[in-house]
Amino acid sequence: MSPTEAPTPADTPADTPAFRYTGALAQVIESRWHDRWDAEGTFEAPNPAGPLADPAKVAGRPRKFILDMFPYPSGTGLHMGHPLGFTATDMYARYMRMTGHNVLYTMGFDAFGLPAEQFAVQTGQHPAITTNQNIANIRTQLRRLGLSHDHRRSISTTDPGYYRWTQWIFLQVFNSWFDPDLKKARRIDELVAEFEAGTRAPKGGDWAAMSASERRRELEQWRLAYVSEAPVNWCPGLGTVVANEEVTADGRSDRGNFPVFKRNMRQWMMRITTYADRLIDDLELLDWTDAIKAMQRNWIGRSEGATVHFDTAAGPITVFTTRPDTLFGATFMVLAPEHGLVDALTTPEQAAAVAEYRASAAAKDDYDRQNEGREKTGVFTGSYATNPLDGTQIPVWIADYVLMGYGTGAIMAVPCGDQRDFEFARKFGLPIVAIQDPTDGRGTDTSTWADAFVGDAPYVNSSNGSLVLDSVASVAEGVRLTNEWLAAHGHGEATITYKLRDWLFSRQRYWGEPFPIVYDVDGNPHALPDDLLPVNLPETDQFSPRTFDPDDAMSNPESPLDRLQDWVNIELDLGDGVQPYRRDTNVMPQWAGSCWYELRYLDPTNEQAFVDPANEAYWMGPTEPDASGGVDLYVGGVEHAVLHLLYARFWHKVLFDLGHVSSVEPFHRLFNQGYILAAAYQDERGMYVEAADVQAVDGGYRYDGQPVTREYGKMGKSLKNAIDPDEMCQQYGADTLRLYLMSMGPLDASRPWESKDVVGVYRFLQRVWRNIVDEDTGAARLLPEPADADTVRLLHRTIAGVREELDNLRFNTAIAKLIELNNHLTKLGGCPVDIADPLVKMLAPMAPHVAEELWSTLGHTDSLAFEPFPVADPALLVADTVEYPVQINGKVRSRVTVAADASGDDVLAVALADEKVVAALAGATPKKTIVVPGRMVNIVA
RNA sequence: GCCCGAGUGGCGGAAUGGCAGACGCGACGGACUCAAAAUCCGUUGUCCGAAAGGGCGUGUGGGUUCGAGUCCCACCUCGGGCACCA
């Protein structure tokens with residue numbers, strides 16, 4: 001048998017009892033309950049307001065909004081990672097319902113995007129058709145898993161009734177600006193009012209003197225969504241631009257792995273950078289792991305320092321530094337090759353060398369730069385700058401290790417304190433001056449140094465008369481004093497910079513949301529009024545943008561919508577008479593639809609608003625002062641740590657600032673599930689082979705007779721090691737699959753799939769079934785006597801344990817505790833009559849179909865979805881007697897059993913009287929004794 | 001290089017600073033069976049021992065503590081993220 005092939009459950013031979021819990025019977029049971037749940041609308045959650053309102057049912061039940069990251073409806077359906085996360089949320093949702101909560105739990109589809117479009121290009125079939133087929137297929141798969149979704153609330157981002165509001169939210173962003181004083185978004189008309197009142201100064205001069213066009217351009221500099229000519233990531237292989245977040249570390253596209261080039265193009269941007277501080281600061285309010293918070297902080301990349309101005313013949317060069325205290329050690333400056341002052345600074349003698357260097361730098365994409373290593377290169381411009389602290393003249397170089405996209409694209413080089421500057425100085429023979437006396441004893445003669453010194457150490461050579469750092473010993477103090485001096489003398493100021501760039505928001509593709517924007521004859525963008533929404537995606541049979549040679553950096557985008565001139569050109573009256581306009585021919589990136597879907601779940605059929613404020617406040621509003629509000633539990637993969645989670649937080653904050661939502665953050669608690677790994681096999685050429693067809697032979701592995709090597713990797717198509725959830729349902733039933741997925745290990749850990757292990761939880765369900773049901777008749781078959789005291793105690797310990805584990809999403813240990821209880825019942829020969837109900841209720845969140853079936857076999861007529869979850873009796877959680885391990889010098893030497901309420905002294909007396917303890921002590925008097933009530937005794941001899 | 005995680009039986013994994021290895025897989029033995037499967041019962045960290053019992057055990061080395069898988073320091077290995085970020 002191959003190691004990844006699932007063992008088939010017992011073939012059902014002729015003498016199999018009619019009501020044995022087999023995979024076949026499980027499927028009968030499961031589809032029966034799917035039908036009944038649907039028919040009865042069991043999982044429909046009432047709203048306080050709007051079309052889905054049922055205030056009587058809302059009253060008195062605390063809310064719980066449980067959310068999965070919604071799937072992309074791929075043509076290959078769900079992969080095993082989906083049921084993993086979905087089962088976890090479903091178990092939690094069901095448990096929450098049984099503990100009295102009003103639970104909002106549903107599932108939608110993130111359906112715009114590249115694969116459907118590419119499939120359409122290949123087949124000529126409209127992506128909407130493919131998408132709807134895929135969604136229908138996935139709905140079938142979801143139903144099969146028994147997920148307790150409120151089906152009325154499901155949405156697809158591609159539905160015009162949904163993207164109407166995506167467009168509407170875009171216009172909210174477009175029509176607002178960020179007030180740097182209040183640090184929040186405000187409506188753009190409030191900015192106009194401030195300009196008119198003279199309480200705020202436009203960036204471009206006198207508002208009153210501006211023409212209408214100038215005023216539009218002024219406002220564009222403030223809007224949170226704006227069109228700008230700026231360096232963007234152009235990907236000729238995809239035929240579109242992509243966001244910074246979609247470019248991999250080696251300078252290629254996240255999708256398709258094509259080269260990406262920095263090019264100046266006119267594109268839609270979102271001013272997410274204005275929210276950088278709040279996006280960092282509000283992480284404090286969130287119940288997320290430190291790892292994800294760190295990734296977001298890292299991406300935003302806030303660093304504090306100073307800007308410093310250096311005079312040159314060509315005007316001042318402004319640099320950003322995190323170490324202004326090292327300014328006395330600045331012995332040269334370096335500009336990025338693209339820096340605007342390079343031409344003016346370059347002397348005639350250096351002109352040829354500079355031009356050559358710039359040309360070679362421009363020809364490299366990020367990928368090449370990476371591959372060429374870190375060897376420092378650069379060219380002297382021929383000019384000098386003046387160090388503002390002491391007036392020294394220092395040479396100005398250009399080098400590609402200084403990046404135009406960060407800080408000001410120029411640095412002051414302090415080779416004694418920065419490793420890159422140190423290497424550069426060594427390579428080109430530039431001076432290195434020590435400005436600290438390093439604490440590692442290397443001395444201040446830099447000619448003997450092997451590397452730069454970074455850290456706290458007393459300053460030397462760092463005084464100019466009015467600024468005295470010498471004898472200061474801490475960097476923090478040095479920075480503070482230098483910043484003060486720079487500000488006082490007009491040479492600089494304390495500054496904060498970010499790695500985060502504004503979000504490139506347009507794509508030259510077809511399968512996305514059109515922009516609700518038209519341009520007038522002067523090329524100025526105008527928002528369409530709400531009553532013209534949605535702007536429907538126009539019909540066409542040309543779905544592809546023009547794509548280019550992936551390496552053709554100088555190609556230009558040509559979107560599918562550009563070709564639809566009948567659609568592009570329209571006449572509208574936007575307030576000043578009917579005028580000709582041109583529609584925007586870009587579409588939004590795939591992230592747009594996922595930036596707010598959780599809000600639409602709250603009120604999916606509302607035609608008047610994207611969500612009724614009363615519904616938002618109920619489901620997502622803060623439940624205590626200073627809390628963030630937001631989804632109570634959000635489960636999904638860590639791969640969205642920066643992209644989706646950053647963009648969605650940004651949109652939510654804009655909506656909050658504008659008063660549309662009461663929650664500050666969209667997702668209060670985030671839980672990242674691990675990956676499902678599986679064995680993958682490579683042949684001798686390094687090609688992956690179908691894992692299902694690999695044979696285990698003599699401790700090795702063979703495919704088609706040839707030896708192959710095994711490794712573990714993320715389950716999926718590329719490693720040819722995927723296992724289909726449907727197949728598992730087919731063989732064992734969904735309940736077994738659910739239990740297996742949850743019992744493999746903690747939800748947040750990646751775990752290897754082992755098909756042979758599935759049988760463990762399958763056997764557990766069979767045993768539960770057999771303890772309650774007569775396999776021949778299908779009738780209930782309980783032990784008629786009530787349970788003995790030990791069994792009752794075990795039941796209550798199990799109840800307390802399962803509750804505790806489920807409260808903390810520890811499904812694996814919750815299941816283990818149920819198995820323990822059931823194993824005990826198996827030893828008793830069956831389930832005592834008073835244990836059956838609580839056992840089945842505890843099983844209900846985990847294996848809902850079999851639990852419902854057992855519940856009805858036990859004579860109950862209603863679904864147990866809303867049955868109260870069992871409550872442990874505290875009196876039964878403590879035993880009459882406790883067995884104490886007795887340690888001598890920390891090693892267990894004996895055990896004594898004493899009454900549970902015995903005092904510490906009594907326990908110790910019993911322990912000291914124990915014969916093994918007496919023997920071990922051999923007459924010695926204990927130096928010290930420790931009694932931990934209920935736990936153990938330790939005697940130090 | 002920097003920032004996060006994680007290292008426990010043959011395997012997946014349990015263990016509020018208090019009996020290491022719950023639960024499951026696998027393996028071994030037994031019952032049932034003509035036989036097998038399924039099911040049920042039992043054993044299963046490792047070493048010494050016939051047994052009773054004992055030694056050793058949570059990546060490595062130190063430390064704190066009556067007591068450390070758990071806390072602290074240093075290191076090793078693996079996984080993830082970021083990276084010429086000034």
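None of these values were measured; they are calculated from a predicted model. The analysis underlying the following values was restricted to heavy atoms, covering all of them including side chains, and did not include hydrogens, waters or symmetry mates.
Following rounding to the nearest Å, A/Leu327 (CG) and B/A86 (P) show an atom-to-atom distance of 17 Å. In this entry the distance linking CG of A/Leu828 with P of B/C41 reads 11 Å, nearest Å. In this structure, A/Met404 atom CE and B/C85 atom P are separated by 17 Å, rounded to whole Å.
B/G26 is paired with B/U44 under the criterion used here, namely a Watson-Crick or G-U wobble arrangement in which both key atom distances are under 3.5 Å.
Under the 3.5 Å distance criterion, the side-chain polar atoms of A/Asn808 are left unmatched by any main-chain donor or acceptor of A/Arg810. At distances below 3.5 Å, not a single donor-acceptor pair connects side-chain atoms of A/Arg297 with backbone N or O atoms of A/Ile292.
One finds a side-chain N or O of A/Arg420 lying less than 4.0 angstrom from the OP1 or OP2 phosphate oxygen of B/C85.
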**Request:** Carefully, step by step, assess A/Arg751 and A/Leu677 under the rule side-chain contact (heavy atoms from CB on, under 4.5 Å).
**Result:** CA-CA 6 Å; A/Arg751 68 291 294 284; A/Leu677 310 176; over 6 Å; no
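In this structure B/G9 sits in the syn conformation; its chi angle is within 90° of 0.
To the nearest 0.5 angstrom, A/Asn483 atom CG is 10.0 Å from A/Leu327 atom CG. In this structure, OH in A/Tyr21 is found 12.5 Å from CD1 in A/Ile772, a value given to the nearest 0.5 Å.
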**Request:** Can you check each nucleotide of nucleotides 16-31 of chain B against protein heavy atoms at under 4.0 Å and return B for base, S for sugar-phosphate only, - for none, in 5' to 3' order?
**Result:** B-BB--BSSSS-----
**Complete:** Readout for nucleotides 70-77 of chain B: B = base within 4.0 Å of protein heavy atom, S = sugar-phosphate only, - = neither; 5' to 3' it is --------
Please tabulate, for side-chain N and O atoms in residues 926-941 of chain A, each donor-acceptor pair with protein atoms closer than 3.5 Å (sequence neighbours left out).
{"from": "A/Lys927", "atom 1": "NZ", "to": "A/Ala941", "atom 2": "O", "distance (Å)": "3.1"}
{"from": "A/Asn938", "atom 1": "OD1", "to": "A/Gly890", "atom 2": "N", "distance (Å)": "3.2"}

